[in-house]
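Down below is the structure, laid out as structure tokens.
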Amino acid sequence: MKIATWNINGVKARLETALAWFAEARPDIACLQEIKSVDEGFPAGAFEELGYHVATHGQKGFNGVAILSRQPLEDIRRGLPGDDSDEQARYIEATVSTATGALRIGCLYLPNGNPLGTEKFPYKLAWMDRLIAHARSQLELEMPVLLLGDYNVIPEPRDARTPQDWLGDALFQPESRARFRALLNLGFTEAVRATNDRPDTYTFWDYQAGAWQRNNGIRIDHILLSPQAADLLRGTGIDAHVRGWDKPSDHVPVWVDLAA
DNA sequence: ATGCCTTGTCGCACAAGA
């Protein structure tokens, strides 16, 4: 089955584009980030007409995440554990049952962290520490667990067309990259790099300065698989062509094909 | 060196993104 992640940068502004991609890609499960909508404002009906169940965790104006699934969503958790005072809507998790067993799906929108020198960067690092702790607890389920989303981390220099331009950016700081590695070191497999060693593999191109036309991209949208999920890995894809559509998000869909 | 776009907001400019 096909499980995707996509930062759509506003579900209402992107609805036509999103529906076109759903019709083309037909994912079994899709994790959306930056819906920029409260729960009541999410156009669930448009996706339900395509056969999806919808669970959202939104807030007004910014952030917001959603999981869409052809199979029902069970045991829905909203918010990342570890800080009850955190009011930013950046995490939602649910279980999806398949013919071969259940999958636990975590959909995340990791804080950007810019600019350095403000409270935003330590918030990002603290959020990553909470994600590491939660990921560790999810491994104890000993079931296929997927953590998909916009990680806002460039893992390695080869994940940017011009890595030197990102040296002063929160996405490429040693502290951000170390925490991403710590996640992997828990035992998660990064699905795209496990299946794709090609250069110029990106998931985001800035709206500004002709970044798409010049292929000045970065790879910041990732899919992490628990050992039980990695054992089901058949392949991955990045629907980069969607960046060339009218009214595109600055991110493109990334997906994994599991034998589930 | 900065902004270059884009979205959403109790708009008529600004914050936030990456």
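Note: hydrogens, waters and symmetry copies are ignored here, and every other heavy atom, side chains too, is used. Naming: A, B, ... by sequence-line order, numbering from 1 per chain. Just so it is clear, the structure is predicted and the values come from calculations on it, not from any experiment.
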Problem set entry | dT2(B) and dA13(B), which share atom name P, separated by this distance in whole Å | 25 Å

Exercise. With a 4.0 Å cut-off on heavy atoms, is Asn7(A) in touch with a base, just the backbone sugar-phosphate, or nothing at all?
Worked result: sugar-phosphate

For this session: Mind checking side-chain hydrogen bond (donor to acceptor under 3.5 Å, both in side chains) for Tyr151(A) and listing every partner two or more places apart, or none if nothing turns up?
Result: none

Exercise. Can you tell me how far C1' in dT9(B) sits from the matching atom in dG3(B), rounded to whole Å?
Worked result: 22 Å

Problem set entry | By side chain to side chain contact (heavy atoms under 4.5 Å, CB included) - contacts of His53(A) (at least two apart) | Pro72(A), Leu73(A)

Exercise. Reckon Phe172(A) touches a base, only the sugar-phosphate, or nothing at all at heavy-atom distances under 4.0 Å?
Worked result: nothing

Problem set entry | Residue pairs involving residues 176-189 of chain A (criterion side-chain hydrogen bond (donor to acceptor under 3.5 Å, both in side chains); sequence neighbours excluded) | Asp129(A)-Arg179(A)

Exercise. Does Trp212(A) have any ring-ring contact (aromatic ring centres under 6.0 Å, His included) partners at least two apart in sequence or in another chain, and if so, which?
Worked result: Trp205(A)

Problem set entry | Pairwise side-chain hydrogen bond (donor to acceptor under 3.5 Å, both in side chains) hits with a residue in residues 104-116 of chain A, at least two apart | Glu34(A)-Tyr109(A), Glu93(A)-Arg104(A), Thr95(A)-Arg104(A), Asn112(A)-Asn114(A), Asn114(A)-Asp169(A)

For this session: Taking atom C1' in both dG11(B) and dA15(B), compute the distance separating them and give it to the nearest angstrom.
Result: 12 Å

Problem set entry | Arg136(A): partners by side-chain hydrogen bond (donor to acceptor under 3.5 Å, both in side chains), with sequence neighbours left out | none

Exercise. Where do Trp21(A) and Trp6(A) land on the ring-ring contact (aromatic ring centres under 6.0 Å, His included) test, with the steps shown first?
Worked result: CA-CA 10 Å; Trp21(A) 176 75; Trp6(A) 188 17; 5.2 Å; yes

Exercise. Taking DNA chain B as the partner, which of residues 146-163 of chain A come within under 4.0 angstrom of it by heavy atom?
Worked result: Asp150(A), Asn152(A)

For this session: Assign Ala13(A) to base, sugar-phosphate, or nothing according to its heavy-atom contacts below 4.0 angstrom with the strands shown.
Result: sugar-phosphate

Exercise. Expressed in whole Å, how much space separates the C1' atoms belonging to dA1(B) and dC12(B)?
Worked result: 29 Å

Exercise. dC10(B) and dC14(B): how far apart are their C1' atoms, nearest whole angstrom?
Worked result: 14 Å

For this session: Provide the start and end nucleotides, 5' to 3', of the part of DNA chain B that has atoms under 4.0 Å from heavy atoms of chain A.
Result: dC4(B) to dA18(B)

Exercise. Gln59(A): what forms a side-chain hydrogen bond (donor to acceptor under 3.5 Å, both in side chains) with it, not counting sequence neighbours?
Worked result: Asn63(A)

Seminar exercise, completed: Residue pair Lys12(A)/Ile220(A) against DNA chain B: nearer the 5' end by closest nucleotide is Lys12(A)

Problem set entry | Sequence-distant partners of Thr236(A), side-chain hydrogen bond (donor to acceptor under 3.5 Å, both in side chains), two or more places apart | Thr195(A)

Exercise. Can you list the residues that meet the ring-ring contact (aromatic ring centres under 6.0 Å, His included) rule with Phe22(A), with sequence neighbours excluded?
Worked result: Phe47(A), Tyr52(A)

Problem set entry | Residues Lys60(A) and Asp39(A) bridged, charged N to O under 4.0 Å | no

Exercise. Got a sec? Which of residues 111-121 of chain A come in under 4.0 Å of DNA chain B, heavy atoms?
Worked result: Asn112(A), Lys120(A)

For this session: On DNA chain B, check which nucleotide each of Lys60(A) and Pro248(A) is closest to and give me the residue with the more 5' one.
Result: Pro248(A)

Exercise. Using a cut-off of 4.0 Å on non-hydrogen atoms, how would the nucleic acid contact of Lys247(A) be classed: base, sugar-phosphate, or nothing?
Worked result: sugar-phosphate

